[in-house]
Amino acid sequence: MPKKTVFNFLEMKGKGEKITYLTAYDFPMASFIEKAGIDMILVGDSAGMVVHGLKGTVPMTMDQMVLHSQAVRRGAPNTFVIGDMPFLSYQISAQDAIYNAGRFYKEADVDAIKLEGGRRVIPQIEGIVNSGMSVMGHIGLTPQSSGQLGGFKAQGRTAETAMEVVKDALAIEKAGAFALLLEAVPPEVGDIITKTLKIPVLGIGAGMYTDGQVLIIGDMLGYFEAFTPKFVKKYANLAEIIVKAFTEYAEDVRTGKFPEEKHCYRMIEGELEKLEALLKQKPPGNLPGRQE
Ligand code: KIV
């Protein structure tokens with residue numbers, strides 16, 4: 001299947017075809033996602049929690065995000081890959097934002113970048129778009145500023161706060177973003193924004209009416225165990241499978257059940273005798289003395 005483009009996503013919205021979207025941080029997972037025919041991959045700064053064991057996303061750096069994006073691109077050469085701009089890579093100025101978005105493009109060959117924030121990051125979105133790159137906005141619950149939001153909490157649950165989310169969505173579309181990610185808002189708000197915007201709206205915890213859905217793979221595969229948000233559906237319990245495999249391996253090593261004959265590279269016939277003779281003639285100086 002050829003790689004989808006921003007125009008394909010627009011068409012999908014027009015036809016009411018749902019867009020599928022997952023996060024990935026490394027080569028193997030990206031290759032499995034591509035095999036499953038998922039439309040888009042986000043190299044999310046959720047890597048901070050899911051991969052690096054941090055409490056949040058704030059400490060993630062550009063170098064780390066570029067490295068993850070390079071691995072994902074190699075694993076999924078035919079999937080639309082989006083690099084997630086980490087905290088302070090775009091907030092300070094539009095110039096920083098353009099430079100760092102460009103790093104994702106030049107060093108990791110991404111198809112788009114994503115950044116968090118509404119009306120306060122419009123100059124950044126415009127700058128990146130005017131430099132020829134594609135931007136996905138991200139509003140609602142924005143983890144990089146979760147401190148200001150009072151934690152990882154659903155947004156837009158009152159008419160007044162929902163109105164602020166709608167205004168942000170409209171501003172992001174006007175600034176030239178090709179799509180919007182809406183996180184942790186009521187389905188009613190997801191529906192209004194999806195119907196109001198021309199660009200595709202992808203939801204995570206934003207209900208069933210958005211143009212597509214994204215989930216964090218650590219959550220949906222059941223291997224990120226620190227916490228599971230209400231909006232997650234678990235499609236597997238990899239943590240259980242992996243811990244079981246590691247436990248069995250340890251038991252096999254301790255009891256001598258692994259490795260077996262079939263896991264060994266035996267010497268070529270006759271070579272062991274030759275080696276024994278060589279060792280007797282001139283034992284290597286630094287080899288510990290062999291016992292006869
Ligand atoms: O970093 C991330 O994984 C995200 C999710 C909300 C999809 O932005």
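Numbering of residues begins at 1 and proceeds along the displayed sequence. Quick note: numbers below take in every heavy atom, side chains included, and nothing from hydrogens, waters or symmetry partners. The structure displayed is predicted, hence computed values, not measured ones. Ligands are counted one by one from 1 in listed order, and the atoms in each one are counted from 1 as well.
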Under 3.5 Å: N/O of Y25 near N/O of ligand 1: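 Y25 vs ligand 1: no N/O contact under 3.5 Å.
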Heavy atom of the protein closest to atom 6 (C) of ligand 1 (residue, atom name, distance):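 Among all protein heavy atoms, the one nearest atom 6 (C) of ligand 1 is E183 OE1, 3.1 Å.
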Atom 3 (O) of ligand 1 [closest protein heavy-atom partner, distance rounded to 0.1 Å]: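 Answer, as residue, atom name and distance: S46 OG, 2.5 Å.
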Side chains of N8 and T5: any donor to acceptor distance under 3.5 Å?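 There is such a pair (donor and acceptor under 3.5 Å, judged by atom type) between the side chains of T5 and N8.
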Location of contacts on [X] toward ligand 1, heavy atoms closer than 4.0 Å:
X	answer
E116	neither
T23	side chain
L42	side chain

If the cut-off is 4.0 Å to any non-hydrogen atom of [X], which atoms of ligand 1 fall inside it?
X	answer
K114	8 (O)
D45	1 (O)
I216	3 (O)
G44	1 (O), 2 (C), 3 (O)
H138	6 (C), 8 (O)

Output, in order, the C-alpha distance, side-chain angles, deciding distance and verdict of ring pair (Phe, Tyr, Trp, His ring centres under 6.0 Å) for F227 and F224. CA-CA 7 Å; F227 65 92; F224 176 69; 5.6 Å; yes
Cluster overlap L67 with V51, hydrophobic side-chain contacts below 4.5 Å: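 The answer is no; the residues belong to distinct hydrophobic clusters.
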Pair E251 + R254, salt bridge at N-O below 4.0 Å: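 Looking at R254 together with E251, the answer is no, because their closest N to O distance does not fall below 4.0 Å.
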